[in-house]
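Naming convention: chains lettered A, B, ... in sequence-line order (proteins, then strands); numbering from 1 in each chain. Keep in mind that this is a model prediction, so the values were computed, not measured.
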Amino acid sequence: MSEVRTRFAPSPTGYMHIGNLRTGLYAYLLAKRYGGKFILRIEDTDQERYVEGAVDVIYNVLKITGLKHDEGPDIGGPYGPYVQSERKDIYKKYGDKLVDLGGAYYCFCSKEEIADVREHYNNGSQGPFKYNDPCRYLSTEEARKRIAAGESYVIRQRIPDTGTTTFEDAVFGKITVENSTLDESVLLKSDGLPTYNFANVVDDHLMKITHVMRGVEYLPSTPKYNLLYNAFGWEIPTYIHLPHIVKEDGKKLSKREGDASFDDFYNKGYLVDAIVNYIALLGWNPGTKQEIFSLKELEEQFSIEGLSKSPAMFDIKKLNWLNGEYIRKMPLEDFHKMAYPYYKKVITRKDIDLMKISRLLHDRTEVFYEIPQNIDFFEKLPEYDINLYVHKKMKTNLVNSAENLKAAYEALKSLDVWNEENVEAALKGTIQKLGVKNGQVFWPVRTALSGKQFTPGGAIEIAGVLGRDESLRRIEIGLKKLSDV
RNA sequence: GGCCCCUUGGUCAAGUGGUUAAGACAUCGCCCUUUCACGGCGGCAACAUGGGUUCGAAUCCCGUAGGGGUCACCA
């Protein structure tokens, strides 16, 4: 087999849809798996949708996800330019050539004319609308005369009236359609730029792309590509159509709800490796029970056979779990660095050692954005209901909580040096002296210190973070609450 | 509506004529434990449906239903 060459051909729309990223990921993985090349091509043929700075978004996502391309607009390559708007002349040349080869024709109908015909078309009884273009019967000579005279035109693909077209897809298998159901779509627009259909075929051929990866939405139009390749006499690449990624309700991931783009997740604090790992598994199965994959491992194990053909629902719960796995695997220092901004959102006190909090949170954090609500009590003791002291399993009630908390308070107060070791010794000592269960002291102390039902870390750790003065102050508040009963 | 595609637990999915139909997430329970989380153990839970073919079907064929896509001078 000749060198595998895949491409990622996003449109600069300003954001990177997660499904699109996955397509790019798979294209990248396939190339790497076979020691081939991964090419980046910018599909900016739609001038109306052009967004300033959108290309940078693409470079940026590729860079932080580690999908390094071997050829592209920014780094060049032997088959450039890699931006479609800079290839205008090429498309024009091949468009004319295709007309000569009989695979297309010039059309002078205006958008308005066609829209008018479409509007008066009775869609119900006669099947789908198909434009019967009078221009398809024009001779090429006559058409070129009109073009020379300055008439505006487009180039349309010529589709045989009869017969069928069959193509092979690596994941969906053999697909055959009637030519009569195919529309004679525009290949070269009146602004001189190609449509997606045409630009793709020309570029993929010229750039020697061997495997074309794209979403299933292109499946129905693929026969037209084959017709094009055949008309040119070009070799047809391997098609690999990928099913969509959908939401829980089966609907598309939407930009509006902030669950569609890579940035949405990245900005929420999801780890890049976790996102990549997760989407790799959404639609691809390694054939083993492995769930955690580094990019490197994916590069080694990716295979076309593992691709599935049914749509996959994006399950945020599993992404969260994976993210948690990655968080736990990262070094404490890295975790601290990433968690820091989230600490600053709720903690302003200077006497708190944030590193201590990192140690508490490292194993307990699944997603970074949940951090503030979990640690806000360090900053300020929240108002809490006195019944928080009552815990059935810990065997605590208002009465023994008051007693035990008081005893713990005395023990803690007499500590010379305030550190976790000593706090623990004091508390354990209290437990022994009182002859009660661990929880009967720890629970009320933790409650007094945090004012919360659940906290990262227990009484000892929290006391360690809070320090002597604040800890004792909070316990005093707790004692007062309990004595008011 | 025409055409094309898809259909194994709530979700991702293994499975390619003979399996007790994997595994993971979620969920539930238990253990660990000073709460929570982590970790460990265990449970619940699936072949859309109707016909064939076959000794035997999640696997092959046909129909039905449901879902998705597509029918632009957007990609």
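- Residues A:His241 and A:Phe172 place their aromatic rings such that the two centres sit no closer than 6.0 Å.
- Spacing between atom CD1 of A:Ile316 and atom P of B:G10 amounts to 21 Å, rounded to whole angstrom units.
- Remark: B:G39 base-pairs with B:C31; criterion is Watson-Crick or G-U wobble with both hydrogen-bond distances under 3.5 Å.
- Residue contacts for A:Val154: at a heavy-atom cut-off of 4.0 Å it reaches a base atom on one of the strands shown.
- When the C1' atom of B:C74 is taken as reference, atom CG of A:Leu193 falls 13 Å away, rounded to whole Å.
- With rounding to whole Å, A:Glu184 atom CD is found 13 Å from B:A72 atom P.
- A donor and an acceptor atom, one from each side chain of A:Tyr326 and A:Tyr270, are nowhere located under 3.5 Å apart.
- Side-chain atoms of A:Lys481 come within 3.5 Å of backbone atoms of A:Tyr384 as a donor-acceptor pair (strictly under, hydrogens ignored).
- The ring of A:Phe442 lies on top of the base of B:U34, close enough and flat enough: under 5.5 Å between centres, under 30° between planes.
- A:Asp363 places its CG atom 13 Å from the P atom of B:A37, with the value rounded to the nearest Å.
- Heavy atoms of A:Tyr278 sit nowhere under 4.0 angstrom from any nucleic acid atom.
- In the set B:U35, B:G39, B:C73, B:U35 carries the atom at the smallest distance from any side-chain atom of A:Arg364.
- Within 4.0 Å of A:Glu370, counting heavy atoms only, lies no atom of the nucleic acid at all.
- Listed nucleotides B:G69, B:U35, B:C74 differ in distance to A:Pro220; the shortest reach to its side chain belongs to B:G69.
- Rounded to whole Å, atom P of B:C12 lies 8 Å from atom CG of A:Leu282.
- Considering only side-chain N and O atoms, A:Lys247 lies nowhere under 4.0 angstrom from the phosphate OP1 or OP2 of B:G68.
- When distances run from any side-chain atom of A:Leu219 to the nucleotides B:G68, B:U35, B:C5, the shortest one goes to B:C5.
- For the pair A:Asp169 CG and B:G69 C1', the computed distance is 14 Å after rounding to whole Å.
- No donor-acceptor distance shorter than 3.5 angstrom exists from the side chain of A:Tyr94 to the backbone of A:Ala199, with no hydrogens or angles considered.
- No side-chain donor-acceptor contact under 3.5 Å links A:Asn179 to the backbone of A:Asp161.
- Using a 4.0 Å heavy-atom distance criterion, A:Ser308 is classed as a sugar-phosphate-only contact.
- Across all strands, A:Thr447 comes closer than 4.0 Å to no nucleic acid atom at all (heavy-atom distances).
- Both distances falling under 3.5 Å, in either a Watson-Crick or a G-U wobble arrangement, place B:G63 opposite B:U49.
- We find that CD1 of A:Ile175 is positioned 16 Å from P of B:G69, with the value rounded to whole Å.
- Atom pair A:Leu182:CG and B:G2:P shows a separation of 17 Å (rounding to whole Å applied).
- Nucleic acid contact class of A:Gly283 (heavy atoms, under 4.0 Å, all strands): sugar-phosphate only.
- OP1 or OP2 of B:C73 has not a single side-chain nitrogen or oxygen of A:Ser185 nearer than 4.0 Å.
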request  = Dump the intermediate steps for side chain to side chain donor-acceptor pair (under 3.5 Å) on A:Asp204 and A:Tyr225, then the final yes or no.
outcome  = CA-CA 11 Å; A:Asp204 285 343; A:Tyr225 287 70; over 6 Å; no

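- Using modelled atom types, one finds a donor on one side chain and an acceptor on the other under 3.5 Å when comparing A:Tyr91 with A:Asp203.
- For A:Asp183, the side-chain atoms get nearest to B:A72 when compared with the rest of B:C3, B:A72, B:A75.
- Candidate nucleotides B:C73, B:C6, B:C12 were compared by shortest atom distance to the side chain of A:Ala312, and B:C12 ranks first.
- Contacts of A:Thr455 with the nucleic acid, taken as non-hydrogen atoms under 4.0 Å apart, include base atoms.
- Residues A:Asn404 and A:Tyr389 have side chains that never bring a donor and an acceptor to within less than 3.5 angstrom of each other.
- Looking at A:His391 and A:Thr447, their side chains never bring a donor and an acceptor atom within 3.5 Å of each other.
- A:Ala459 comes within 4.0 angstrom of a base, heavy atoms only.
- Residue side chain A:Arg328 does not reach the base of B:C38 through any donor-acceptor N/O pair under 3.5 Å, judged by distance alone.
- In this entry B:A58 has no Watson-Crick or G-U wobble partner, no candidate having both defining distances under 3.5 Å.
- Judged by distance alone with a 3.5 Å cut-off, a donor-acceptor contact links the side chain of A:Ser190 to the base of B:C73.
- If you check B:C5, B:A75, B:C73 against the side chain of A:Tyr196, the one that comes closest is B:A75.
- When distances run from any side-chain atom of A:Met313 to the nucleotides B:U11, B:U34, B:U7, the shortest one goes to B:U11.
- Checking B:U35, B:C71, B:C6 against the side-chain heavy atoms of A:Ser310 singles out B:C6 as nearest.
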remark   = Under a 4.0 Å heavy-atom criterion, the protein footprint on nucleotides 19-24 of chain B, written with B, S and -, is ---SBB

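- The residue A:Lys393 sits close to a base: some heavy atom pair falls under 4.0 Å.
- Judged purely by atom type and a 3.5 angstrom limit, A:Gln440 uses its side chain to pair as donor or acceptor with the backbone of A:Lys395.
- The listed nucleotides are B:A75, B:C36, B:A26; the one nearest the side chain of A:Phe454 is B:C36.
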